[in-house]
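Numbered from 1 within each chain, the chains take letters A, B, ... in sequence-line order. The figures that follow rest on heavy atoms only: side chains count, while hydrogens, waters and symmetry mates do not.
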Amino acid sequence: MVKIASWNINSVRLRIDQVARFVDEHEPDVLCLQEIKTLEKNFPHEAFETLGYTYRAVHGQKGYHGVATVSRIPFRDFSKHDWQDNGEARHIGVELLGRGQGLILENVYIPAGGDVPDRQVNPKFGQKLDFLDRMTRWAGEIERPTLLVGDFNVAPLECDVYDHRALLKVVSHTPIEVEALSRLRDAHGWVDLGRHFIPPPGRNYSWWSYRSYWRQKDHGRRLDHMWASPELVAQAKAHTFVEDTRRWEKPSDHVPLVTEFDL
DNA sequence: ATGTCAGGATGGTCCTGA
């Protein structure tokens with residue numbers, strides 16, 4: 001079995017001890033991180049080496065964003081896209097080796113999109129939609145089994161938010177974003193493993209605002225996802241959201257997702 | 001009831017992004 005995890009860590013340097021605890025408790029073979037908030041040269045390579053993650057691909061930037069994939073299974077760097085064409089580090093792709101024909105693992109941090117769901121008023125919302133459109137064109141060309149994971153910053157289903165009606169005009173759950181995400185999924189025929197294993201209306205939030213009102217009310221949203229190519233779905237044997245991490249001291253606002261594959 | 005958090009540059013607090 002190969003265990004693959006994805007976690008928006010919200011600063012990998014600040015939370016490296018939490019990463020170590022998560023690794024100790026869950027032993028993922030591969031860990032995809034988003035919002036590492038550091039340049040590659042300041043990434044805690046030694047800590048990951050000690051944890052057994054010999055193979056590391058880091059696409060970092062100073063202060064904001066940034067993604068990294070670390071692995072105990074050999075991989076080769078495969079791709080590094082900039083779907084905003086503005087230099088932000090939001091994607092890293094690797095090919096896991098030694099597992100049959102190889103598995104492509106794409107780790108992405110889709111832009112949050114600002115506060116106002118109108119590209120005329122808020123350019124960040126337009127950037128988010130354009131990012132999704134460019135990913136969709138890219139996805140149409142994929143010809144190999146591909147697992148797409150990360151913080152997508154979109155909660156697509158009604159049951160993916162605490163109040164569907166209240167959030168229809170809130171960035172992350174607007175129909176225009178949900179439709180764009182749906183086009184991305186259909187461009188390759190990906191299967192949403194979160195809802196494959198926890199069918200609607202099962203609760204599986206992955207993000208809660210740090211603002212205490214929402215946290216106390218359990219007002220979560222499912223912003224983090226793992227999507228599998230159709231030919232990979234039968235090999236996915238288990239999928240969980242690890243909510244324990246929310247109760248740790250100074251947690252990330254996102255929780256990890258873990259899928260076990262029989263590759 | 002958007003009530004917080006993190007990083008960075010600055011200069012000992014503010015700004016940006018989320």
Side-chain angles (χ1 to χ4, degrees), chain A residues 6-22 32-45 47 58-68 82-91 107-119 121-132 149-156 160-174 176-177 180-181 205-225 243 245-257:
Chain A
S6 175
W7 193 6
N8 179 321
I9 192 64
N10 189 14
S11 176
V12 69
R13 287 183 291 174
L14 188 71
R15 297 199 165 83
I16 188 63
D17 291 344
Q18 295 190 39
V19 172
R21 179 173 173 183
F22 171 71
C32 299
L33 298 168
Q34 302 88 36
E35 274 202 274
I36 61 172
K37 292 189 173 181
T38 181
L39 286 164
E40 197 275 340
K41 67 175 182 179
N42 295 323
F43 186 78
H45 282 286
V58 181
H59 190 183
Q61 73 177 78
K62 193 171 184 176
Y64 305 110
H65 320 311
V67 293
D82 177 2
W83 284 301
Q84 283 181 124
D85 195 27
N86 67 354
E88 291 183 353
R90 295 180 174 275
H91 168 263
N107 173 7
V108 68
Y109 175 45
I110 293 173
D115 290 330
V116 182
D118 179 343
R119 69 159 70 225
V121 177
N122 167 28
K124 287 182 188 171
F125 192 69
Q127 280 189 322
K128 180 179 195 175
L129 297 177
D130 293 345
F131 190 105
L132 285 164
V149 311
D151 177 1
F152 294 5
N153 269 314
V154 180
D160 289 338
V161 296
Y162 62 90
D163 186 335
H164 166 63
R165 286 178 58 86
L167 288 173
L168 278 170
K169 294 181 178 176
V170 175
V171 174
S172 74
H173 193 59
T174 65
I176 189 170
E177 292 167 86
L181 192 72
Y205 301 144
S206 69
W207 175 86
W208 292 258
S209 171
Y210 280 123
R211 295 176 171 96
S212 58
Y213 174 77
W214 285 3
R215 192 157 43 183
Q216 286 164 12
K217 289 287 190 183
D218 194 31
H219 283 181
R221 307 180 204 175
R222 189 171 74 105
L223 302 182
D224 300 86
H225 303 271
E243 280 199 45
T245 60
R246 282 187 77 210
R247 293 182 282 277
W248 297 354
E249 194 172 344
K250 295 196 73 176
S252 169
D253 46 350
H254 295 254
V255 300
L257 283 55

Pick out which of A:His254, A:His173, A:His225, A:His91 makes a ring-ring contact (aromatic ring centres under 6.0 Å, His included) with A:Phe152. A:His225
Measure the acute angle between the ring planes of A:Phe131 and A:Trp83, then classify it against the limits of 30° and 60° as parallel, tilted or perpendicular. perpendicular
Between A:Asp115 and A:His65, which is nearer to the 5' end of DNA chain B once each is assigned its nearest nucleotide? A:Asp115
Gap between atoms CG and P, on A:Asp163 and B:dT2 respectively (whole Å): 12 Å
If you measure from the C1' atom in B:dG12 to the same atom in B:dG8, how many Å do you get, rounded? 15 Å
Could you check how far CH2 of A:Trp248 sits from P of B:dC5, rounded to whole Å? 18 Å
For A:Arg90 and A:Lys250, take the nucleotide of DNA chain B holding the closest heavy atom to each; which residue's nucleotide lies nearer the 5' end? A:Lys250
Between B:dG17 and B:dT2, how many Å separate the two C1' atoms, rounded to a whole number? 15 Å
What's the CG-C1' distance between A:Leu223 and B:dA18, to the nearest Å? 11 Å
Mind checking what makes side-chain contact (heavy atoms from CB on, under 4.5 Å) contact with A:Asp17, not counting sequence neighbours? none
Distance, P atom - from B:dT10 to B:dC14, rounded to whole angstrom: 16 Å
Whole angstrom is fine here: how far is it from CD1 in A:Ile9 over to P in B:dC5? 16 Å
Between protein and nucleic acid, restricted to nucleotides 10-16 of chain B and to nitrogen or oxygen atoms under 3.5 Å apart, what atom pairs and distances do you find?
{"unit_1": "B:dT16", "atom_1": "O2", "unit_2": "A:Tyr64", "atom_2": "OH", "d": "3.4"}

Rounded to whole Å, please give me the gap between CZ in A:Phe125 and C1' in B:dA18. 16 Å
Quick one: salt bridge (Lys or Arg N to Asp or Glu O under 4.0 Å) partners of A:Asp130, sequence neighbours excluded? A:Arg119
Could you tell me how far B:dG7 sits from B:dG3 if I compare only their C1' atoms? Round to whole Å. 22 Å
A:Arg13 CZ to B:dC5 C1', straight-line distance once rounded to whole Å: 16 Å
Can you tell me if A:Ile176 has over 12 outside heavy atoms packed within less than 6.0 Å of its CD1? no
Could you give me the CA-CA distance, side-chain angles and deciding distance for A:Tyr162 and A:Leu167, then say whether side chain to side chain contact (heavy atoms under 4.5 Å, CB included) is met? CA-CA 8 Å; A:Tyr162 62 90; A:Leu167 288 173; 3.7 Å; yes
Does the side chain of A:Ser172 come under 3.5 Å of the side chain of A:Arg221 through a donor N or O and an acceptor N or O? yes
Rounded to the Å, how far apart are A:Ile36 CD1 and B:dC5 C1'? 18 Å
Which nucleotide in B:dA18, B:dA6, B:dG8 has an atom nearest any side-chain atom of A:Arg15: B:dA6
Looking at B:dT2, I'd like to know if its phosphate oxygens (OP1 or OP2) sit under 4.0 Å from a side-chain N or O belonging to A:His219. no
Starting the side chain at C-beta, find the nucleotide from B:dC5, B:dA18, B:dG7 nearest to A:Ser11. B:dG7
Calculate the interatomic distance between A:Gln84 atom CD and B:dA18 atom P; express it in whole Å. 8 Å
With no hydrogens and no angle check, do the side chains of A:Asp253 and A:Trp208 hold a donor and an acceptor under 3.5 Å apart? no
For B:dA1 and B:dA18, measure between their P atoms and round to the nearest Å. 26 Å
Among the nucleotides B:dA18, B:dG7, B:dA9, which one has an atom lying closest to any side-chain atom of A:Lys62? B:dA9
